[in-house]
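A quick write-up on the structure given underneath.
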Amino acid sequence: MIVAAPFPRNSTVRRLGRAKDLLCQDLDQKLTLAAVAREAALSPGQFIRAFKAVFGQTPHQVRIEARLELAKRLLISGSMPVTDVCVTVGFASLGTFSHLFTRRIGLSPTAFQREARTLVQVPGTLPPKLYPGCLTLMWHWPADINFREARRPGF
Amino acid sequence: MSLKIKLTSVMVDDQDKALKFYTEVLGFTPCRDFEVGGGFRWITVVAPEGHPDVELALEPNANPAGRTFQSALFQQNIPATAFEVEDVEAEHRRLKALGVVFTMTPMQMGPVKIAVFADTCGNLIQIYQPPE
């Protein structure tokens, strides 16, 4: 039962949402914290605290994530060298880009691009293996795993 | 007709963060969790109360189209989904004490009382208390 409710047109949460979108745009450009905080009509300190409370990540982390996601798409396209991808998504250092990409994706940019090239891709779409939908994930369902047997260690 | 609803999903921007929030903060119980390649996992949780075989998948919101959709819902204050609770006021107090940000404090809307909070994964989630 989802009920529509009145919502202030310019609420802080709406402005934080817009600020998040801003953090995910123009990734090769320098974007200051003060500029994004202004979008949310908050001081930089208030903005970081409010943003983290609502989205669970700092604005900086969100921008890095967005850069890595764009890097994935560019690498999948297959025509751009890793060094160019690094610059295009806004990283000044190839070492930093490679380190962050590997830590996040689990493969180095080069290995990721090599793997993506082996996938059959329909023009205008993204490979479902790399951008899975819910049902695509379920294709990987292990046949020998039963209900509640797939818990990760620690649970 | 043997159709059953056993699975529903919510799109999340980070599966690790989502698992932590949905289990440690909301109180869901981990159910399935295994790697599916590409840095993604198939993660489901179940509600501590209610039907134990109805799973909620924490689905990676990797597709750019999905992100656009999620962001638009968020900015229009449209909850991605809703969970039933016995006492909205009590749940609001409990979650607020854990640092959860509410965009709507408990409010009577016709026969139900609702509240809305951010799940830290890009969604607004509604909790509702049905009429007695």
Side-chain angles (χ1 to χ4, degrees), chain A residues 1-9 11-18 20-21 24 50 52-57 61-62 65-66 69-70 72-73 104-107 112 115-116 125-134 136-142 145-155, chain B residues 7 9 11 13-14 17-21 23 29-44 46 53 55 57 59-60 62-64 66-67 71-72 74-82 84 99-101 103-104 107 109-110 112 114 116 118-122 124 126 128 130:
Chain A
M1 182 182 304
I2 297 179
V3 182
F7 190 56
R9 273 203 162 276
S11 75
T12 298
V13 167
R14 185 193 294 266
R15 288 195 300 258
L16 286 171
R18 283 205 304 261
K20 188 181 183 193
D21 284 351
C24 298
K52 178 89 190 293
V54 169
F55 295 117
Q57 289 175 300
Q61 287 171 324
V62 165
E65 293 288 327
E69 279 303 316
L70 177 59
K72 276 175 71 177
R73 292 204 293 278
R104 176 64 181 158
I105 311 299
L107 290 171
F112 180 86
E115 182 174 307
T125 67
L126 295 167
K129 185 180 176 190
L130 301 178
Y131 289 90
C134 189
T136 327
L137 290 171
M138 291 185 75
W139 288 342
H140 297 265
W141 193 296
I145 289 186
N146 294 317
F147 185 63
R148 292 178 190 278
E149 287 184 358
R151 295 178 185 178
R152 289 167 72 82
F155 285 125
Chain B
L7 175 73
S9 68
M11 293 191 293
D13 58 11
D14 182 302
K17 187 174 64 174
L19 183 59
K20 193 174 172 65
F21 182 85
T23 56
T29 304
C31 181
R32 306 176 204 265
D33 187 346
F34 50 84
E35 303 286 339
V36 296
F40 300 110
R41 284 145 58 195
W42 175 251
I43 300 175
T44 65
V46 294
D53 58 346
E55 299 174 48
E59 187 179 352
N63 194 301
R67 290 182 180 218
S71 177
F74 185 92
Q75 291 186 45
Q76 292 175 41
N77 193 36
I78 299 173
T81 191
E84 184 175 307
V100 174
V101 175
T103 61
M104 181 191 292
M107 177 185 285
M109 297 287 287
V112 296
I114 66 170
V116 178
D119 74 349
T120 74
C121 303
L124 294 176
Q126 182 176 293
Y128 68 92

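Because only heavy atoms are used, hydrogens play no part in the values below, and waters and symmetry mates are left out as well, while side chains stay in. Throughout, a chain's letter reflects where its sequence line sits, starting with A, and its residues are numbered from 1.
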If you take all heavy atoms of [X] and [Y], which pair is closest and at what distance?
| X | Y | answer |
| --- | --- | --- |
| A/Lys20 | B/Gly122 | NZ-CA, 4.2 Å |
| B/Ala62 | A/Glu69 | O-OE1, 4.1 Å |
| A/Arg104 | B/Asp13 | NH2-O, 4.0 Å |

Inset, instruction - Say whether, by atom type as modelled, one donor and one acceptor occur between the side chain of B/Lys17 and the main chain of A/Phe55 under 3.5 angstrom. - result: yes
Legend entry - Heavy-atom pair count under 4.5 Å with chain A, highest-scoring of B/Thr44, B/Val101, B/Val100, B/Val116: B/Val101
Inset, instruction - List in chain and number order the residues that pass salt bridge (Lys or Arg N to Asp or Glu O under 4.0 Å) with A/Lys52, two or more places apart in sequence or in another chain; answer none if no residue qualifies. - result: none
Legend entry - Side-chain heavy atoms of A/Cys24 within contact of B/Arg67, under 4.5 Å: no
Legend entry - Sequence-distant partners of A/Asp21, side-chain contact (heavy atoms from CB on, under 4.5 Å), two or more places apart: A/Gln25, B/Ser71, B/Gln75
